[in-house]
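Below: one structure, written as structure tokens.
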Amino acid sequence: MTSIPLVDLAWQHAQVGDEVAAGWAEVLAKTAFVGGPAVARFEAEYAEYTGAGHCIGVANGTDAIELALRALGVGPGDECVLPANTFIATAEAVARTGATPVLVDCRPDDALIDLDLVDAAITPRTKAVLPVHLYGQMADLAALAERLPEGVALVEDAAQSQGARRDGVGSGAAGAIAATSFYPGKNLGAYGDAGAVTTSDGELAAAVRLLGAHGSSRKYVHDTLGFNSRLDALQAVVLSVKLRRLDDWNEQRRAAAKRYEALLSGLEQVGLPVVADGSEPVWHLYVVQVDRRDEVLAELNAGGIGAGIHYPTPVHLTGAFAGLGKGEGTFPVAEAMGGRILSLPLFPGITAEQQERVAEALTAAVAR
Ligand SMILES: *Cc1c(COP(=O)(O)O)cnc(C)c1O
């Protein structure tokens, strides 16, 4: 039996390969490899797609978060609040500004940041709160915004939520500023590293652009200490071509999520993902919860099913953030989830047969 990957990027490439090749040929002929018209075009398209109005292409999603925070003036002595269960990049980006990551636990139902715990984590040093739209579902930004004191910015980590909406507001346009990643496996994926910052605030947009281009808005004039974090044209071509299909591909993810729900909802050993009212997730990942997760995962993998874990270790228990001094037991919900979560294969192009095979294998594994 052929194996079923967690994500099938070859299916996507088969849809867009010809258009990408034509776009790349144009870039190669013109030799505008960094910045240039292809990048400007994608930035305009993504600014419109998100509804944010401004988009700045950068080198990757981690840089996007860091540049967004730096544009807000976040630095040493400041604190930024973020969930303990996220990909490590959210915390890394905060630490790279010199600010202190202040972690909070997540909600046991939808795994998103627990708003009640955010209140308690805010201090006079708090500059930003970074909700992570984990697994493709947006955090409740409207409720969060109501709770934040003045001067505390809402910075979306929108790396997993391209195209998601909640209460009518789109991911990337719901906070003061948003950061996203176009790492190949994301819903909108490049053919290498890439990322973007989106915002409706023209001043913040200009600040991000300045910081990512060596602190320079005019050639060889450097009034600000900046970085090199730019989007290259070959990636921009891929992103423009794929953006035209993103809504359709997200629809396919939604249909696949529905199919898993139908296949698995009778199984009491499997906790299904919870979607909040008013939320339209884009299913970056389909994450269920099971007992004996490691055994179940090993059995699925042995059967050729590319299930995975996102993420096995909450941020506070990684070696990188041991210095925060938050030991085991600090964030019980995130820790308990870390031992139970299981990501099932889900991608545009997944077939009903593939999903039925995953469901059969999971049913057998949890019954042991
Ligand atoms: C992928 C991801 C990032 C970082 O993106 P890179 O492009 O890999 O730097 C940040 N946050 C979350 C939640 C992610 O999934």
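These figures come from a predicted structure and were not determined experimentally. Counting starts at 1 for both ligands and their atoms, in listed order.
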Using a strict cut-off of less than 4.0 Å between a Lys/Arg side-chain nitrogen and an Asp/Glu carboxylate oxygen, indicate whether Arg259 and Glu356 qualify as a salt bridge.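 No.
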Using 30° and 60° as the class boundaries, would you call the ring planes of Phe87 and Tyr311 parallel, tilted or perpendicular?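 Plane angle between 30° and 60°, so tilted.
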Could you identify which residues cluster with Leu243, counting Ile, Leu, Val, Met, Phe, Trp and Tyr as linked when any side-chain heavy atoms lie under 4.5 Å apart, either directly or through a chain of such contacts?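 Val39, Phe42, Tyr46, Tyr49, Phe182, Leu188, Leu231, Leu239, Leu246, all in the cluster of Leu243.
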If you look at each N/O of ligand 1, which protein N/O atoms lie under 3.5 Å away, and at what distance?
{"unit_1": "ligand 1", "atom_1": "5 (O)", "unit_2": "Ser181", "atom_2": "OG", "d": "3.2"}
{"unit_1": "ligand 1", "atom_1": "7 (O)", "unit_2": "Gly61", "atom_2": "N", "d": "2.8"}
{"unit_1": "ligand 1", "atom_1": "7 (O)", "unit_2": "Ser181", "atom_2": "OG", "d": "2.7"}
{"unit_1": "ligand 1", "atom_1": "9 (O)", "unit_2": "Gly61", "atom_2": "N", "d": "3.3"}
{"unit_1": "ligand 1", "atom_1": "9 (O)", "unit_2": "Thr62", "atom_2": "N", "d": "2.8"}
{"unit_1": "ligand 1", "atom_1": "9 (O)", "unit_2": "Thr62", "atom_2": "OG1", "d": "2.5"}
{"unit_1": "ligand 1", "atom_1": "11 (N)", "unit_2": "Asp157", "atom_2": "OD1", "d": "3.3"}
{"unit_1": "ligand 1", "atom_1": "11 (N)", "unit_2": "Asp157", "atom_2": "OD2", "d": "2.8"}
{"unit_1": "ligand 1", "atom_1": "15 (O)", "unit_2": "Gln160", "atom_2": "NE2", "d": "2.8"}
{"unit_1": "ligand 1", "atom_1": "15 (O)", "unit_2": "Lys186", "atom_2": "NZ", "d": "2.6"}

Arg107: which residues meet the salt bridge (Lys or Arg N to Asp or Glu O under 4.0 Å) condition with it, sequence neighbours left out?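 With sequence neighbours excluded, Arg107 shows a salt bridge (Lys or Arg N to Asp or Glu O under 4.0 Å) to Asp109, Asp110, given in chain and number order.
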Would Val366 end up clustered with Leu272 when hydrophobic side chains under 4.5 Å apart are linked, directly or stepwise? yes
Pairing residues for Phe321 by the ring-ring contact (aromatic ring centres under 6.0 Å, His included) criterion, not counting sequence neighbours: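 Per chain and number, Phe321 pairs via ring-ring contact (aromatic ring centres under 6.0 Å, His included) with no residue.
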